[in-house]
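Right, one structure below, let's go through it.
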Amino acid sequence: MTDVAPHALRVSRRIRASRERLYEAWTAPEQLRYWWRMDGPGWSFTFAEVDLRVGGAYRLAMTDPAGNTHVAAGVYRELAPPDRLAFTWDWENPAMSVGETLVAIELRDAGDGTTDVVLTHSRFPSAERATSHEQGWMQLLALVEAHVGEPES
């Protein structure tokens, strides 16, 4: 984890896919269903509700091995396809809530058919809460890569 501001994190991954394909994977419910969950036995995608416009709301849900549904929700703050999107973030379950945080995803052309995905999650109430989200975002970046990534030629 790299601190980019107090109580923030930044994770990144180079993925062999176009920025356009990655942007769609992050914003289209029919794409989110393939990768929005934790990586491990018993985790599954539950639903994605997306009103893809600045000011539009989203709700993304996954179910854990015990059958508990975890719903992240927020509002889109910036949509600049295929380069960037930003949205507020919190868990609907009060026991998991971090307050209104902000996620920004930058999609940078890295050449040779690859894209650097840089995710910055900020405005956490504490460094501990930021750290607790790092592993989840790293898993999600690996899952999105497995969904959209192309084999090396």
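With Phe47 as the partner, the side chain to side chain contact (heavy atoms under 4.5 Å, CB included) test is satisfied by one option alone out of Leu32, Leu60, Val71, Thr63: Val71. Put simply, the residue from Asp116, Thr115, Val117 that forms a side chain to side chain contact (heavy atoms under 4.5 Å, CB included) with Arg19 is Thr115. Screening His121, His7, Arg123 against Thr101 for a side chain to side chain donor-acceptor pair (under 3.5 Å) leaves a single residue, His121.
Heavy-atom contacts from other residues, nucleotides or ligands closer than 6.0 Å to CE of Met138 number 12 or fewer. At most 12 heavy atoms of other shown residues, nucleotides or ligands fall within 6.0 angstrom of atom CG in Asp112.
A distance of 6.0 Å or more separates the ring centres of Phe45 and Tyr34.
Taken together through direct or relayed side-chain contacts under 4.5 Å among Ile, Leu, Val, Met, Phe, Trp and Tyr, Tyr23 and Val75 form parts of separate hydrophobic clusters. Hydrophobic clustering, with ILVMFWY side chains joined whenever heavy atoms are under 4.5 angstrom apart, groups Phe87 together with Trp91. Note: the hydrophobic cluster containing Trp35 also contains Met38 (ILVMFWY, side chain heavy atoms under 4.5 Å, direct or indirect links). Two different hydrophobic clusters hold Leu22 and Val118 under the rule that ILVMFWY side chains link at heavy-atom gaps under 4.5 Å.
Under 4.0 Å is where a charged nitrogen must lie from a carboxylate oxygen, and between Glu92 and Arg59 at least one such pair does.
Rounding to the nearest 0.5 Å gives a distance of 13.0 Å between CD1 of Ile105 and CG of Asp83. For the atom pair CZ (Arg16) and CZ (Arg21), the distance works out to 15.0 Å, reported to the nearest 0.5 Å. The distance from the CG atom of Leu52 to the CD atom of Glu24 is 10.5 Å, given to the nearest 0.5 Å. Residue Trp36 holds its CH2 atom at 11.0 Å from CH2 of Trp43, rounded to the nearest 0.5 Å. Distance check, rounded to the nearest 0.5 Å: CG of Asp64 to CZ of Arg37 gives 14.0 Å. Here the CD atom belonging to Glu106 is positioned 10.5 Å from the OG atom belonging to Ser12, to the nearest 0.5 angstrom.
Summarising the geometry of Thr69 relative to Ala61, their closest heavy-atom pair is CG2-CB, 3.9 Å, with the distance given to 0.1 Å. The two atoms that bring Ala130 and Leu9 nearest to each other are O-CD2, 2.9 Å, heavy atoms only. The minimum heavy-atom distance between Pro29 and Ala48, with the atom names listed, is CB-O, 3.9 Å. Of all the heavy atoms in Ala110 and Arg14, the pair that sits closest is CB-NE, 3.5 Å. Pairing each heavy atom of Ala8 with each of Phe124, the nearest pair is CA-CD1, 4.4 Å. The two atoms that bring Pro65 and Pro41 nearest to each other are CG-O, 3.3 Å, heavy atoms only.
A donor-acceptor pair under 3.5 Å is absent between the side-chain atoms of Glu78 and the main chain of Ala86, judged by distance alone. Formation of a donor-acceptor pair under 3.5 Å by the Ser132 side chain with backbone atoms of Arg129 is found in this model.
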Item to complete: Determine, step by step, whether Glu134 and Val11 satisfy the side chain to side chain contact (heavy atoms under 4.5 Å, CB included) criterion, reporting the C-alpha distance in whole Å, the side-chain angles of both residues, the deciding distance to 0.1 Å, and the verdict.
Response: CA-CA 7 Å; Glu134 179 184 18; Val11 295; 4.0 Å; yes

Practice prompt. Show the numbers, then the answer: is there a side chain to side chain contact (heavy atoms under 4.5 Å, CB included) between Val98 and Trp89?
Written response: CA-CA 8 Å; Val98 291; Trp89 168 279; 4.3 Å; yes

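In this structure, the side chains of Trp26 and Val103 stay at 4.5 Å or more apart for every pair of heavy atoms. The closest side-chain heavy-atom distance from Trp137 to Thr120 is not below 4.5 Å. Counting heavy atoms from C-beta outward, Arg77 and Thr88 have side chains that approach closer than 4.5 Å.
Between Tyr76 and Tyr58, the ring-plane angle classifies as tilted under the 30° and 60° cut-offs.
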